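Below is one structure, written out as C-alpha cells; comments come after it.
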Amino acid sequence: MLAKRIIPCLDIKDGQTVKGTNFVNLRQAGDPVELGKAYSAQGADELVYLDITASHEGRKTFTELVKRIASEIDIPFTVGGGINELADVDRLLNAGADKVSVNSAAIRSPQLIDEIAKHFGSQVCVVAIDARQTPQGWKCYLNGGRVETERQLFEWAHEANDRGAGEILFTSMDHDGVKTGYANEALAKLSDLLTIPVIASGGAGKMEHFRDAFSKGKADATLAASVFHFGEIPIPELKKYLCREGINIRI
C-alpha cells in the first residue's frame, strides 16, 4: 500500500505566501522559497504552489519564482494558477515544476486534461476542484471560488479521471481555513468512485483531522496551509502521531 502524503500548500500573491478563510481575508505568511525549504527539511512529502491572482503580469513573476523554488527544493512540487493551454504547462515544467494543477480552465475546456496527459503524461496533471454543498448537491466553482457552475463534484471528478488526470485535488470551500476537519464523507465517496489518488484540502485544524481524512475520508494525501504556515502543527510531530494511529506514512 502506498504511503499517505502530507502536502503543505502555499498560495502566492505578488510573490508572497498568503492564507485566507473560505477563500477571502488573505494575510501574509512569508517567503515562498524559504517556507518551501523549511517544509522540505521538516519532512513534507510534496508541496503545492498556487498563483491565486494569475494575471498576465503575474505569470512572468510566477515562472521566475518556480525557477527559484526548483533550484532550492528537492521534493516534488506542483504549481497551479492561470494554466489555460499546453504552452503554460510547458513553461512551468521547464522552470522546474514536477506537476501542474488545472482548475477553472479544465472545467471550461475539459479536453485540456486529455492534451496534458497525452503530451506530458497523466502523472503531470493534477485536476483541482473547488466545490461547496448547495441545495442541489456539491457544485464546482471557478475563478478561485467566485463563480458557481452547473458541474457536480462527483460527475466532474469522474470525467477528469476518465480523461487522464493523474490526481484529483478536492477543496471543500466551506471547510477552507475554518479548521473543523476535512469533508470526509465527500472524500470517501470520491475515493470509492475514482481510480486515481485523491488529495484532501480544506479544514485541517488539528492532528486528528489528518488522521480522519486518511481513515474516514480514504484520502491518499492531505493538503494544509495555515496550520503549517503559522507553526500550529509541526510536520515531524504530525507524522509521528499518524504513525502511532496506524496510518502508513513516510517518516
Side-chain angles (χ1 to χ4, degrees), residues 5 7-13 17-20 22-23 46-54 58-59 62 66 76-86 88-89 92-93 97-117 120 122-132 138-149 151-177 182-183 186-187 190-191 193-194 196-204 213 217 219-225:
R5 291 169 287 151
I7 307 176
C9 179
L10 298 90
D11 288 342
I12 309 299
K13 183 175 188 280
T17 312
V18 295
K19 182 63 193 125
N22 301 128
F23 286 44
E46 295 180 24
L47 298 170
V48 169
Y49 286 89
L50 298 175
D51 183 355
I52 60 169
T53 53
R59 286 181 179 198
F62 192 58
V66 171
F77 69 98
T78 300
V79 296
I83 296 169
N84 297 303
E85 57 187 8
L86 287 182
D88 297 327
V89 180
L92 292 165
L93 293 179
D98 297 278
K99 308 176 198 176
V100 296
S101 167
V102 290
N103 189 335
S104 302
I107 288 184
R108 290 194 185 101
S109 305
Q111 69 275 13
L112 180 63
I113 301 168
D114 307 66
E115 290 170 4
I116 295 171
F120 304 105
S122 287
Q123 79 285 351
V124 160
C125 185
V126 179
V127 173
I129 303 175
D130 299 329
R132 66 162 29 122
W138 281 91
K139 286 286 190 72
C140 301
Y141 282 70
L142 300 176
N143 297 15
R146 295 179 190 90
V147 181
E148 184 181 321
T149 73
R151 299 303 305 250
Q152 297 276 349
L153 167 64
F154 301 107
E155 56 92 7
W156 170 233
H158 194 273
E159 180 179 333
N161 186 152
D162 288 349
R163 284 180 176 273
E167 295 180 282
I168 297 294
L169 166 54
F170 161 53
T171 301
S172 167
M173 293 168 59
D174 294 321
H175 292 72
D176 177 66
Y182 293 91
L187 276 169
L190 279 175
S191 297
L193 181 69
L194 307 178
I196 56 176
V198 176
I199 304 168
S201 169
D220 298 277
T222 48
L223 192 96

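Here the structure is a predicted model, which is why all the values come from computation and not from measurement.
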Looking only at heavy atoms, what is the nearest atom pair of [X] and [Y], with distance?
X	Y	answer
Ile196	Gly166	CB-O, 3.5 Å
Leu93	Lys99	CD2-N, 4.3 Å
Ser191	Ala219	OG-N, 4.1 Å
Ala157	Ile168	O-CD1, 4.1 Å
Val102	Ala106	CG2-CB, 3.9 Å
Tyr182	Ala213	CD1-CB, 3.6 Å

Value rounded to 0.5 Å, distance of [atom1] in [X] from [atom2] in [Y]:
X	Y	atom1	atom2	answer
Asp11	Ile52	CG	CD1	5.0 Å
Asn103	Leu142	CG	CG	7.5 Å
Ser104	Arg146	OG	CZ	9.0 Å
Ile129	Phe170	CD1	CZ	8.5 Å
Cys125	Glu115	SG	CD	10.5 Å
Asp51	Leu10	CG	CG	12.5 Å

Open item on the list: Run Thr17 and Tyr49 through side chain to side chain contact (heavy atoms under 4.5 Å, CB included) and show every step you take.
Closed with: CA-CA 9 Å; Thr17 312; Tyr49 286 89; 5.7 Å; no
Please tell me if the side chains of [X] and [Y] come closer than 4.5 Å, counting only heavy atoms from C-beta onward.
X	Y	answer
Val89	Ile83	yes
Asp130	Cys140	no
Trp156	Pro110	yes
Val100	Val126	no
Glu159	Arg151	yes
Ile12	Leu50	no

Open item on the list: The criterion is side-chain hydrogen bond (donor to acceptor under 3.5 Å, both in side chains); which residues satisfy it with Asn84, sequence neighbours excluded?
Closed with: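 If we apply the side-chain hydrogen bond (donor to acceptor under 3.5 Å, both in side chains) test to Asn84, skipping adjacent residues, there are no hits.
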Ignoring hydrogens and angles, tell me if any N or O in the side chain of [X] forms a donor-acceptor pair with the backbone of [Y] under 3.5 Å.
X	Y	answer
Thr222	Ala200	no
Ser122	Ala165	no
Asp98	Phe77	yes

Task: Partner of Ser101 by side chain to side chain contact (heavy atoms under 4.5 Å, CB included), out of Val127, Ile199, Thr78, Leu92 - done: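 Only one option passes, and that is Thr78.
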TODO: Measure up the His175 and Trp138 rings against each other and bin them: parallel (under 30°), tilted (30 to 60°), perpendicular (over 60°).
DONE: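 Correct class here is parallel.
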TODO: Please list, chain by chain and in numerical order, all residues satisfying salt bridge (Lys or Arg N to Asp or Glu O under 4.0 Å) with Asp162, sequence neighbours excluded.
DONE: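 Per chain and number, Asp162 pairs via salt bridge (Lys or Arg N to Asp or Glu O under 4.0 Å) with no residue.
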Task: Sequence-distant partners of Asp220, salt bridge (Lys or Arg N to Asp or Glu O under 4.0 Å), two or more places apart - done: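 So Asp220 forms no salt bridge (Lys or Arg N to Asp or Glu O under 4.0 Å) with any residue.
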TODO: May I ask you to establish whether Arg132 and Tyr141 are in a cation-pi arrangement, using a distance under 6.0 Å from NZ or CZ to the six-membered ring centre and at most 45° from the ring axis?
DONE: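 Yes, Arg132 and Tyr141 form such a contact.
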Open item on the list: Any salt bridge linking Glu167 with Arg5? Criterion: basic side-chain nitrogen under 4.0 Å from a carboxylate oxygen.
Closed with: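 Salt bridge between Glu167 and Arg5, a charged N being under 4.0 Å from a carboxylate O: yes.
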